[in-house]
Amino acid sequence: MKPTDISAQAVGMACRCDCGSIEPRGHEKHADLARRSFLRNAIAGTAVALAGATVIPALPALAQSTLTPEAALKALMDGNQRYVAGQLQSLNDDLSILKAKTVEKQEPFAAVLSCADSRVPVEFIFDQSIGQIFVVRVAGNVTTPEITASLEYGVAVLGTRVIVVLGHGNCGAVKATIEGKAVPGQISVLYAPIQPAVVAAGGNLGAAIDANARMQATLLSEASPVIAAAIKEGKLMVVAARYDIMSGNVSLLT
């Protein structure tokens, strides 16, 4: 039955009972409820549509070959605004189509060096989907030969336009480095690359997190010939940023 049929039926029904009082019968009550439900849904749909008009649109099928490094960074930051506002668009993508299109090759427009912390869901944070971000994760978001090699691959082979070194609030790796306590296994190997940031920040956790992200970004920019050359040619940006695990905001660090 169409909504207009429901509405007409509800309006045209005679409401009567044996005692002469005006009282809708059982089937008339159902019709009236259906009409009200339809009106509520229509109003709700209009409200959602109006709210959606203010959403920052995602770039359709981001082709990294056409993006400048600045545009690639903007696409990430626009996505973060949608994430913070609870208006994710990447979840609407047809994942089966995305999977099919990325079976043979990948063309991520951005790379992110993130901490391995489970509270930092990189694709969600930037409202991106399959094949759009080349993500490298390690506790403390530090650069090592293996990490650098992975990001070089992203730049030289995949053509990523921006690398974001993403620190985050209350980072356990940075906190552990500040405390310097004995730890089991190989965990302490993380201390050495983070220690310069701890020293520079005077032991302050927040400042050390930011300093670490900046230092790792600088190391990538200067120590890797592949990355340095791409920056010099204007094909790549490397930036440091911090993710606030409470608010969801990503802030660029200058």
Is there a side-chain contact (heavy atoms from CB on, under 4.5 Å) between Arg82 and Val84 once you walk through the steps?
CA-CA 6 Å; Arg82 295 192 298 272; Val84 173; over 6 Å; no
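- Closest heavy-atom contact between Gly140 and Cys171: CA-SG, 4.3 Å.
- Minimum interatomic distance between Gln195 and Thr177 (heavy atoms only, all atoms of both residues): OE1-CG2, 3.3 Å.
- A continuous path of Ile, Leu, Val, Met, Phe, Trp and Tyr side chains, each step under 4.5 Å between heavy atoms, connects Phe126 with Val135, placing both in one hydrophobic cluster.
- Taking all atoms of both residues into account, the shortest heavy-atom contact from Ala75 to Phe109 is CB-CE1, 3.8 Å.
- Of all the heavy atoms in Leu236 and Thr160, the pair that sits closest is CD1-O, 3.6 Å.
- For the pair His168/Asp117, a side-chain contact is recorded, criterion being any heavy-atom separation below 4.5 Å from C-beta on.
- Side chains of Tyr191 and Val198 form no contact here, defined as non-hydrogen atoms less than 4.5 Å apart.
- Counting heavy atoms from C-beta on, the side chains of Ile133 and Pro108 never come closer than 4.5 Å.
- One hydrophobic cluster, built from ILVMFWY side chains closer than 4.5 Å, holds both Val120 and Leu252.
- Going from atom CE of Met215 over to atom CG of Leu220 covers 14.0 Å, rounded to the nearest 0.5 Å.
- For the residue pair Glu152/Ser224, the side-chain donor-acceptor check at 3.5 Å is satisfied.
- The shortest distance between side-chain heavy atoms of Leu113 and Ile147 falls below 4.5 Å.
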Show the numbers, then the answer: is there a side-chain contact (heavy atoms from CB on, under 4.5 Å) between Val136 and Val112?
CA-CA 6 Å; Val136 180; Val112 175; over 6 Å; no
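- Hydrophobic clustering, with ILVMFWY side chains joined whenever heavy atoms are under 4.5 angstrom apart, groups Val157 together with Leu151.
- Leu73 is connected to Val122 through a chain of hydrophobic side-chain contacts under 4.5 Å among Ile, Leu, Val, Met, Phe, Trp and Tyr, so both are in one cluster.
- There is a path of hydrophobic side-chain contacts, each under 4.5 Å, that joins Val142 to Leu205.
- Put simply, NZ on Lys232 and OG on Ser221 are 14.5 Å apart, with the number rounded to the nearest 0.5 Å.
- When side chains are defined from C-beta on, Arg242 does not count as touching Val250, because their heavy atoms never get closer than 4.5 Å.
- The side-chain heavy atoms of Ile130 and Lys99, taken from C-beta on, include a pair separated by under 4.5 Å.
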Hey, mind stepping through Asn170 and Arg119 against side-chain contact (heavy atoms from CB on, under 4.5 Å) and telling me if it holds?
CA-CA 10 Å; Asn170 201 30; Arg119 298 167 295 177; 4.0 Å; yes
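- Minimum heavy-atom separation, Pro193 to Asn212: O-OD1, 4.1 Å.
- Rounded to the nearest 0.5 angstrom, Ile178 CD1 and Ile209 CD1 are separated by 7.5 Å.
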Would you check, one step at a time, whether the test side-chain contact (heavy atoms from CB on, under 4.5 Å) holds for Ile125 with Tyr243?
CA-CA 9 Å; Ile125 288 171; Tyr243 173 62; 3.7 Å; yes
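- Taking every heavy atom of both residues into account, Arg161 and Thr68 meet most closely at CB-O, 4.3 Å.
- Of the N and O atoms on the side chains of Gln216 and Thr143, at least one donor lies less than 3.5 Å from an acceptor on the other residue.
- Between Leu76 and Asn80, the closest side-chain pair of non-hydrogen atoms is not below 4.5 Å.
- Put simply, the side chain of Gln132 gets close to the backbone of Ser129: a donor and an acceptor are under 3.5 Å apart.
- Note that the CD atom of Gln128 and the CD atom of Gln89 stand 10.0 Å from one another [nearest 0.5 Å].
- Ser90 and Asp127 share a side-chain donor-acceptor pair at under 3.5 Å.
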